[in-house]
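Data block below; observations after.
Residue numbers start at 1 and run along the sequence shown. Atoms considered below: every heavy atom in the structure, side chains included; atoms not considered: hydrogens, waters and symmetry mates.
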Amino acid sequence: NGGGSEQSQAAGSHREVGHKSLLKSDALYQYILETSVYPREPESMKELREITAKHPWNMMTTSADEGQFLNMLLKLINAKKTMEIGVYTGYSLLATALALPPDGKILAMDINRENYELGLPVIQKAGVADKIDFREGPALPVLDELILDEKNHGAFDFIFVDADKDNYLNYHKRLIELVKVGGVIGYDNTLWNGSMVAPPDAPLRKYVRYYRDFVVEFNKVIGDDVRVEICQLPVGDGITLCRRVT
């Protein structure tokens with residue numbers, strides 16, 4: 001929608017942190033947020049969203065509508081043991097922690113502890129910090145270590161990945177062993193700003209162009225993976241749910 005989109009951005013409809021809607025109409029996205037999302041958003045999640053808004057990398061956060069979706073999905077599948085790769089300030093982590101039962105556990109990994117600690121006081125205040133086992137550093141070595149122990153095979157009900165797109169296939173190779181049969185892996189940003197259908201000469205931001213081919217390849221491989229049922233949703237920047245079937 002070209003210039004109209006720029007005007008609406010100027011008018012402030014994109015002030016929301018994590019505005020990654022793929023809807024053509026910004027007004028329609030705003031309607032969803034104001035009608036269904038914000039009135040139901042827990043106070044702690046609102047507070048964390050507002051803290052994150054002041055961070056220079058705030059576009060990395062999970063959008064509010066996606067946080068709401070994850071929270072409901074976890075309740076629907078009765079998740080108890082989950083994993084999150086890529087935490088940032090912890091908005092999706094908080095959405096998860098609030099959804100889990102009191103004895104629920106989340107193994108959370110991020111290369112930047114500082115960002116996680118920005119949101120940690122809000123998570124602590126919400127009374128769910130004890131559900132989180134945070135590990136600073138790359139996730140692949142942690143996953144390899146988990147796989148060495150048979151008891152971790154099929155041990156996770158839900159896994160959420162919102163990290164380095166060039167490693168999504170490396171993560172998937174390992175996570176398929178760690179998620180239970182019937183469990184779900186959610187991969188974020190799989191529509192990557194809509195860039196996979198952009199013409200070759202489209203003016204893309206450098207990081208969008210860099211990761212685009214990795215996302216395209218991931219989507220192709222996951223589409224052919226018979227070990228999972230998939231559903232790619234245009235929520236946030238695109239989320240692909242993979243339900244392990246074998």
Looking at [X] and [Y], does any basic side-chain N land under 4.0 Å from a carboxylate oxygen?
{"X": "Lys105", "Y": "Asp133", "answer": "no"}
{"X": "Lys46", "Y": "Glu41", "answer": "no"}
{"X": "Asp224", "Y": "Arg227", "answer": "no"}

Query raised in the report: Does any donor atom in the side chain of Ser92 or Glu84 lie under 3.5 Å from an acceptor atom in the other side chain?
Result: yes

**Report entry** Under 3.5 Å side-chain donor-acceptor pair for Tyr211 and Asn189
**Finding:** no

Requested in this report: Apply the test side chain to side chain donor-acceptor pair (under 3.5 Å) to residues Asp162 and Tyr187: give CA-CA distance (whole Å), side-chain angles for both, the deciding distance (0.1 Å), then the verdict.
Outcome: CA-CA 6 Å; Asp162 182 8; Tyr187 290 99; over 6 Å; no

Query raised in the report: Does NZ or CZ of Lys165 come closer than 6.0 Å to the centre of the six-membered ring of Phe214, within 45° of the ring's axis?
Result: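 No, Lys165 does not lie over the aromatic ring of Phe214.
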
Requested in this report: Step through the shown structure and confirm whether more than 12 heavy atoms of other residues, nucleotides or ligands are within 6.0 Å of CZ on Arg209.
Outcome: yes

Query - Ser195 (side chain) donor-acceptor with Ala198 (main chain) under 3.5 angstrom - result: no

Query raised in the report: With sequence neighbours excluded, what pairs up with Arg113 under the side-chain contact (heavy atoms from CB on, under 4.5 Å) test?
Result: Glu117, Phe134, Glu136

Query raised in the report: Do Trp57 and Thr52 come within less than 4.5 Å of each other through their side chains, counting heavy atoms only?
Result: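 Not touching, per the 4.5 Å side-chain cut-off.
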
Query raised in the report: Taking the six-membered ring for Trp, are Tyr207 and Trp192 ring centroids under 6.0 Å apart?
Result: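 Centroid separation for Tyr207 and Trp192: below 6.0 Å.
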
Query - Heavy-atom pair of closest approach, residues Asp237 and Asn193 - result: OD1-N, 2.7 Å

